S.K.: 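Below are the structure tokens for one structure; questions will follow.
Just so you know, these numbers come straight off a predicted model, no measurement behind them. Start at 1 and go down the list; that is how both ligands and their atoms are numbered. Along the sequence shown, residues carry numbers from 1.
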Amino acid sequence: MLRIHTVNELRNTLKTQKNVAFVPTMGNLHDGHIALISLAKQHGQCVVASIFVNPLQFGPNEDLASYPRTLEADCKRLEDAGTDIVFLPSVQEMYPDFDGEHLNQTMTITPPPIATELCGASRPGHFAGVATVVMKLFNLVMPQVAIFGKKDFQQVFVIKELVRQFNLPIQIIAGDTVREASGLAMSSRNGYLTPAQKTEAAQLHQCLTKIVHAVKQGNTHFTNLEQAASQTLTQQGWLVDYISVRAANTLKPATNQDNELVVLSAAKLGSTRLIDNIDFCAK
Ligand code: PAF
């Protein structure tokens, strides 16, 4: 596996590659990421991954500084999974106006209005940061296919919009969420949890599963279901950000006319913010 740190080297290396499948990541890789690499191998001849902890998508009080950086272990996992190239840019390489502290005049992409709802409501600027870095990475890698995890359902939605609205010739594929035996969705942030919190964390998925079952049985009182789940988690010590049933294709609040749905959630356990979702058909 080739490790590439600069834009020039990446461009030169990929110049003759016609069939690139790309998996952007922020590192601290787990089985969920490796499943995305496997998907990429099915869709492209050359698999490129990136590891870049993107400062633009972190709010001022978020975990940018403490975000786990595990470069050597990540590279080993990527290589074992059959990745051809890993792009490891510095902040300066990605953001030429970065002065060691501030991103200064960095141009950003304005994401669609949905970016102010759900995770975007409590993380202002997050999806602008994601859309901007993904656009930059797409411009550098120029993949035919890019793979993202469905655990970040709203992120996949924003990236599909980015591709649609900017006419990018890239197919976006969403890989299924990989879960622990307990149901807990794999996430780099699970590493922040104490063993007791990790056991408790499985409750988030259980609450979502309960909503899915209720809707499948014909209960379309979405607000009641959301409130009940939120109350259960709050009683168990969670700080719930949102639990919301939405139409899967638009992310608009679900109506009883919608069949393809997704229940999305974000909640804090101690200081760790976890997200999860389940997409499903009501009938
Ligand atoms: O999902 C992530 O890891 C990040 O948001 C992404 C897509 C790599 C952009 O920084």
S.K.: Quick test: of every protein heavy atom, which one is nearest to atom 2 (C) of ligand 1, and how far off is it to 0.1 Å?
M.R.: Q155 NE2, 3.8 Å

S.K.: Distance only, no hydrogens: is a donor on one side chain within 3.5 Å (strictly under) of an acceptor on the other, for N54 and Y67?
M.R.: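 No, no side-chain donor-acceptor contact under 3.5 Å.
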
S.K.: Side chains of S244 and R246: do they bring a donor and an acceptor to under 3.5 Å?
M.R.: yes

S.K.: Looking at atom 10 (O) of ligand 1, what's its closest protein heavy atom, distance included?
M.R.: Q57 OE1, 2.6 Å

S.K.: Answer side chain, backbone, both or neither: which part of I159 comes under 4.0 Å from ligand 1, heavy atoms only.
M.R.: neither

S.K.: Any idea which heavy atoms bring A115 and Q154 closest together, and the distance?
M.R.: CA-NE2, 4.3 Å

S.K.: Could you tell me, atom by atom, which parts of ligand 1 come under 4.0 Å of a heavy atom of V133?
M.R.: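 Listed by number with element: 9 (C), 10 (O).
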
S.K.: What are the atoms of ligand 1, with element, lying closer than 4.0 Å to any heavy atom of P24?
M.R.: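 Reading through ligand 1 atom by atom, the close ones are 8 (C).
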
S.K.: Is it the case that D276 and S265 place a side-chain donor and acceptor less than 3.5 Å from each other?
M.R.: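 S265 and D276 do not have a side-chain donor-acceptor pair below 3.5 Å.
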
S.K.: May I ask you to decide whether K41 forms a salt bridge with D84, counting only side-chain N to carboxylate O separations under 4.0 Å?
M.R.: no

